[in-house]
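Notes follow once the structure below has been shown.
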Amino acid sequence: MYNEMENDILKVLFSQEDIARRVAEMGTELAERFQGKKPLFLGVLKGCFVFMSDLVRACPIKSDLEFIAVSSYGNATSSSGRVQITHDVQQDITGRDLIIVEDILDSGNTLYYLLDVLKLRKAASIRICTLLDKPERRAKPIQADYTGFVVPDAFVVGYGLDYNQQYRNLPYIGVLKEEVYR
């Protein structure tokens with residue numbers, strides 16, 4: 001079936017099968033690390049929702065789910081550096097083991113800010129689990145504890161990642177053609 005979004009993709013970086021395989025591996029790693037602890041998966045909206053859904057199903061341990069929405073991009077293609085919480089956690093995280101689930105670790109501005117906020121709320125531990133890591137763009141001293149894939153400095157979409165709220169529903173991760181967002 002023809003997909004109108006396909007014309008906007010320069011190339012596919014990770015297929016649906018690549019992603020499924022890696023997410024299953026990550027789920028196993030997390031289950032081993034947090035066995036018997038009932039961690040709280042904290043998804044950073046909106047981009048994490050597809051990844052987080054698959055990740056928690058691949059992690060066969062007792063756990064809770066929560067979401068937080070943090071904005072530093074708006075409709076831009078790069079972080080503004082100004083971060084704000086637009087939807088906060090709905091439960092007390094004091095003494096909880098947190099797994100922050102993020103779609104992409106890019107500049108690090110959002111996660112750096114979020115880590116400070118969560119530490120002040122006295123979480124027992126905080127681990128970062130990101131589907132994609134783009135180290136070339138890092139502006140803050142932050143690293144993920146669990147990474148699906150390292151990506152080049154290109155504008156990527158699909159599997160929850162968007163441009164201007166579009167392309168999240170692609171089943172793979174691809175590089176968006178520059179003429180689409182310039």
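Note that these values count all heavy atoms, side chains included, but never hydrogens, waters or copies made by symmetry. Bear in mind that the values here come from a model prediction, so they are computed numbers and not experimental data. Note that the numbering runs from 1 along the sequence shown for the chain.
- A ring-ring contact (aromatic ring centres under 6.0 Å, His included) check over residues 93-125, counting only residues at least two apart or in different chains, returns nothing.
- For residues 34-61, the set of pairs meeting the ring-ring contact (aromatic ring centres under 6.0 Å, His included) definition, not counting sequence neighbours, is empty.
- Sorted by first and then second residue, the ring-ring contact (aromatic ring centres under 6.0 Å, His included) pairs with a member in residues 128-151 read F14-F149; sequence neighbours excluded.
- For T86, there are no side-chain hydrogen bond (donor to acceptor under 3.5 Å, both in side chains) partners at least two apart in sequence or on another chain.
- Screening residues 93-103 for salt bridge (Lys or Arg N to Asp or Glu O under 4.0 Å), with sequence neighbours left out, gives D64-R96.
- Residues meeting the side-chain contact (heavy atoms from CB on, under 4.5 Å) test with A144, sequence neighbours left out: L105, I128, T130, T147.
- Applying the side chain to side chain donor-acceptor pair (under 3.5 Å) test to every pair with at least one member in residues 29-44, sequence neighbours left out, gives these pairs: R22-E29.
- Residues that satisfy the side-chain contact (heavy atoms from CB on, under 4.5 Å) test with A31, not counting sequence neighbours, are C59, P60, I61.
- Counting only residues at least two apart or on different chains, the salt bridge (Lys or Arg N to Asp or Glu O under 4.0 Å) pairs with a member in residues 138-152 are D133-R138.
- By the side-chain contact (heavy atoms from CB on, under 4.5 Å) test, Q90 is found to be paired with E66, H87, residues two or more places apart in sequence or in another chain being considered.
- The salt bridge (Lys or Arg N to Asp or Glu O under 4.0 Å) analysis of residues 112-123, with sequence neighbours excluded, yields the pairs D88-R121.
- Counting only residues at least two apart or in different chains, salt bridge (Lys or Arg N to Asp or Glu O under 4.0 Å) contacts with residues 166-175 comprise D162-R168.
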